[in-house]
S.K.: 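Before I ask anything, here is the structure I am working with.
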Amino acid sequence: MCSIFQITCDGALFNRCLDCFLGKAAYIRNLQDNLVALETELGRLIAAKNDVMMRVVNAERQQMRRLDGVQVWVSRVDSVKTGADELITDGSEEIGKLCVGGYCSKNCRSSYKFGKQVARKLRHVETLIAEGVFEAVATEVVPERAPEPVADKRPIEPTIVGLQSQLEQVWRCLAEESAGIIGLYGMGGVGKTTLLTRINNKFLENQNNFDCVIWVVVSKELRLEKIQEDIGKKIGLFDDSWKNKSFEEKAVDILRRLGEKRFVLLLDDIWERVDLTEVGVPLPSPQNTTSKVVFTTRFIDVCGSMESHRKFKVACLSEEDAWELFREKVGQETLESDHEIVELAQTVAKECDGLPLALITIGRAMAYRKKAEQWRRAIEELRRSASEFAGLGKEVYPLLKFSYDSLQNDTVRSCFLYCCLYPEDYGILKWDLIDCWFGEGFFGESDRSGAENQGYDILDTLVRACLLEEVEDDKVKMHDVVRDMAIWITSEIEKEKRNFLVCAGAGLKEAPDVKRWENVRRLSLMQNQIETLSEVPTCPHLLTLFLDFNQELEMIADGFFQLMPSLKVLKMSNCGQRRLKLPVGMSVLGSSLELLDISCTGITELPEELKKLVNLKCLNLRWTGALIRIPRQLISKFSRLRVLRMFAIGYDRFHEAPEDSVLFGGGEVLIQELLGLKYLEVLELTLGSYHALQILLSSNKLKSCIRSLCLEFAGDTASIIDATAFADLNYLNELNIYSGFELEELKIDYTEIVRKRREPFVFRNLHRVTIHSCQKLKDLTFLVFAPNLKSVQLLDCYAMEEIISVGKFAETPEMMGHISPFENLQMLDLEDLPHLKSIFWKPLPFTHLKEMAVSGCDQLEKLPLDSNSAKERKFVIRGEEDWWNRLQWEDEATQIAFRSCFQPMGVLSGGRKI
């Protein structure tokens with residue numbers, strides 16, 4: 001019995017072991033087939049899920065809700081898909097371990113374990129497919145309460161003055177397939193949040209096939225967790241359990257939920273790049289814009305870092321819209337309470353310069369001031385000290401100051417505040433501002449070239465931050481309210497550190513009491529009607545003094561500067577137009593002064609004592625037409641000079657320069673002194689003879705410095721100037737040839753230039769050309785080699801027949817089809833050219849032209865225009881009406897197209913045209 005029982009038991013055990021072995025072997029043997037089946041069935045499962053979700057979304061749009069069973073099934077599918085994808089990815093490695101025709105493995109334990117996982121996952125997928133037949137369930141989605149609105153309505157004022165057109169623009173953009181990420185940028189208080197709120201609320205009127213609109217306030221202190229929380233609340237994820245999940249787990253949940261929806265994400269007040277993928281937001285792309293992201297920011301840079309497909313600048317209101325908004329806030333009752341108030345109210349509104357926040361704040365403050373005297377006081381207060389006006393110092397300026405605080409470093413902040421020294425609405429020349437920054441020492445020990453690069457970069461930063469506005473290529477300006485905010489910062493917030501006294505454009509006839517100057521660091525009396533500075537102020541801390549545009553200023557007390565030991569920047573441009581004399585005692589500034597600007601003044605001579613200004617780095621004498629006496633050895637004493645601007649000096653009397661002046665001999669003495677200036681980097685020069693020009697062009701050092709060149713040839717007999725030599729002036733920006741009475745030709749060897757340089761454009765930096773009183777000059781064909789010309793003025797050139805000579809141009813036929821002159825021209829002024837017949841022999845595009853002025857050019861009967869020129873027709877053609885009526889046109893369509901551009905030119909009493 002025992003033997004039989006033992007045999008039976010052993011047999012049963014053997015059979016169980018065999019079954020077990022064969023079962024394990026099956027996982028290995030069937031691994032490859034099971035992987036193929038898993039991939040196939042997983043595809044079927046995902047397709048089934050997509051079908052179910054499509055029906056569920058459609059049902060939800062019909063105010064139905066998805067059943068819990070459907071939601072559980074969808075969650076299980078997502079979970080299974082993740083595991084199955086991993087197995088399919090790892091499958092090729094496991095199959096590589098198989099041997100003996102797939103019946104065995106080099107690592108049986110690993111292959112068995114993996115094969116078992118694949119088999120189980122396959123059964124799980126098949127089960128979910130069987131469970132996912134939701135025809136009955138999908139049609140049984142039961143009605144519930146009405147769904148949540150696509151967007152949460154946000155409170156907003158009922159009117160939208162001045163923003164309607166921008167709202168429509170952005171709304172149309174939301175419908176474009178190519179625009180998935182849209183940026184709205186502009187200065188603080190301009191209405192970006194108002195515009196975004198309007199967009200949000202507009203979705204309640206027109207859902208535009210989006211499932212949800214999500215509003216998130218980002219603000220300056222970026223917190224990604226808060227963004228997740230706001231999104232989670234809107235899409236139904238936010239509960240106690242979800243709050244306890246990790247940041248990464250929440251991102252996965254958001255990605256899964258938003259991946260099922262067409263959403264609009266509205267992000268208000270972004271200060272830096274927000275990594276939305278880190279948050280869990282699936283980013284729209286040009287290929288997939290079913291969802292949208294719209295954000296607001298103060299910085300155009302953020303539009304780039306957010307990779308926006310479209311960006312819109314939210315600008316200040318037009319004068320008309322600004323008045324409408326202001327009038328609405330003040331109220332009709334107040335405006336009608338006194339017949340003077342409307343006009344006074346318009347003046348107050350203009351002080352806001354179109355900034356909605358300021359218009360609203362001041363409008364509310366004035367709403368119940370029904371006496372004209374109250375409005376006059378308000379105007380005076382706004383102009384004298386705007387920060388003291390009700391609401392500005394508490395509501396407007398602090399909001400704008402966020403942009404100031406966010407600037408990268410103290411240097412950029414100092415450069416920004418410096419701009420408030422200029423008057424309201426003043427176009428600040430970029431290079432002039434950089435000279436001042438350089439003179440103040442904002443760039444440390446940097447040379448002028450390095451300072452220029454850094455300066456333009458800072459200007460670009462301030463423009464992109466909407467703290468400055470670019471009004472022309474070479475000018476910027478400050479918005480009036482931003483300027484007031486900057487003055488508020490310097491006089492209230494950072495008084496000890498900055499301490500500005502700004503009286504620019506204040507209409508002063510006398511300077512402020514000198515006692516107020518004592519602790520000031522930067523003082524601007526610019527653009528007033530001050531006639532004398534008779535007191536000697538004590539200013540131990542004064543670094544910068546602006547006296548510019550006091551055109552009646554002709555007397556400055558001797559010793560005026562003796563108690564200004566720290567003065568670095570002194571600007572007196574456009575002072576004393578009739579005659580200005582520098583006061584005795586300026587030598588005391590020798591150890592401190594780094595910039596002296598006496599440009600555009602009536603000064604006739606520079607005093608010898610200026611030799612003491614041994615630390616001078618920038619000297620600006622531009623357009624001092626009466627200046628003919630500059631003592632010899634004066635310029636050479638400025639051993640640290642880096643910037644010397646002597647463009648258009650003595651142009652009225654250059655040939656009268658006395659022997660003891662560096663201008664004697666047409667400027668030859670001056671050039672010799674300039675050669676000794678070791679650090680010179682920027683040079684603007686006036687020369688009175690062709691021989692002096694040749695000496696200049698023989699110096700590689702001086703050629704590398706030249707930015708502007710004025711040739712005043714009244715006493716010279718040169719009939720030909722070889723303009724080929726100008727090609728070596730790589731930085732030449734401005735060329736003025738004046739009174740070249742004998743000059744017949746600006747000769748240039750076109751073929752030689754092209755052969756040497758292997759490219760047609762050799763005057764790439766030349767922007768402005770003026771030719772005045774060159775009465776034998778017949779053409780300016782060399783200008784075809786200046787592709788970036790912005791301004792051309794030709795005056796009193798009686799022999800001029802063609803601007804570009806077709807005959808000379810034809811000497812290089814290989815270039816005829818490659819050059820189209822004046823492509824970047826903005827201003828063309830032609831005056832008293834009685835023999836001029838042609839500007840160019842065929843029509844030109846004139847893409848950037850702003851104004852063409854023609855007078856005294858009776859033989860100019862055709863302009864180089866056709867129906868394709870200046871397509872937007874935004875430029876002005878000014879001229880005499882009878883000349884305009886005689887013009888010949890390519891065709892009638894061209895004549896009609898340009899008729900609206902013409903403005904008749906008036907005549908001044910002196911005979912000059914306006």
S.K.: What's the separation between atom SG in Cys420 and atom CH2 in Trp488, rounded to the nearest 0.5 Å?
M.R.: 13.0 Å

S.K.: Is a side-chain N or O of Ser246 found less than 3.5 angstrom from the main chain of Glu249, in a donor-acceptor match?
M.R.: yes

S.K.: Show your reasoning for whether side chain to side chain contact (heavy atoms under 4.5 Å, CB included) applies to Val264 and Ser291.
M.R.: CA-CA 6 Å; Val264 179; Ser291 294; over 6 Å; no

S.K.: Applying salt bridge (charged side-chain N to carboxylate O under 4.0 Å, His left out), which residue pairs with at least one partner in residues 478-490 are found, sequence neighbours left out?
M.R.: none

S.K.: Could you tell me whether Lys790 and Asp473 have a side-chain N and a carboxylate O separated by less than 4.0 Å?
M.R.: yes

S.K.: For Leu184, which of Ile270, Asp268, Ile199 qualifies under side-chain contact (heavy atoms from CB on, under 4.5 Å)?
M.R.: Ile199

S.K.: Which heavy atom of Cys303 sits nearest to which heavy atom of Gly183, and what is that distance?
M.R.: SG-CA, 4.2 Å

S.K.: Do Trp271 and Asp269 have a side chain donor and acceptor closer than 3.5 Å?
M.R.: yes

S.K.: If we only count heavy atoms from C-beta on, is the His309 to Glu176 side-chain gap below 4.5 Å?
M.R.: no

S.K.: Inspect the contact between Arg464 and Asp460 and indicate whether a charged nitrogen and a carboxylate oxygen are less than 4.0 angstrom apart.
M.R.: yes

S.K.: Quick test of your reading: applying salt bridge (charged side-chain N to carboxylate O under 4.0 Å, His left out), list the pairs with at least one residue in residues 341-357, sequence neighbours left out, ordered by first then second residue.
M.R.: Glu319-Lys350, Glu351-Arg383

S.K.: So, Asp230 and Lys234, do they make that salt bridge, N to O below 4.0 Å?
M.R.: no

S.K.: If I take atom CG from residue Leu266 and atom CG from residue Leu196, how far apart are they, to the nearest 0.5 angstrom?
M.R.: 5.0 Å

S.K.: So, is the end of the Arg369 side chain (NZ or CZ) under 6.0 Å from the ring centre of Trp375 and within 45° of the ring's axis?
M.R.: no

S.K.: For Lys250, give me all partners under side chain to side chain contact (heavy atoms under 4.5 Å, CB included), at least two apart in sequence or on another chain.
M.R.: Gln228, Trp242, Lys245

S.K.: How far does CE of Met478 sit from CG of Leu417, to the nearest 0.5 angstrom?
M.R.: 7.0 Å

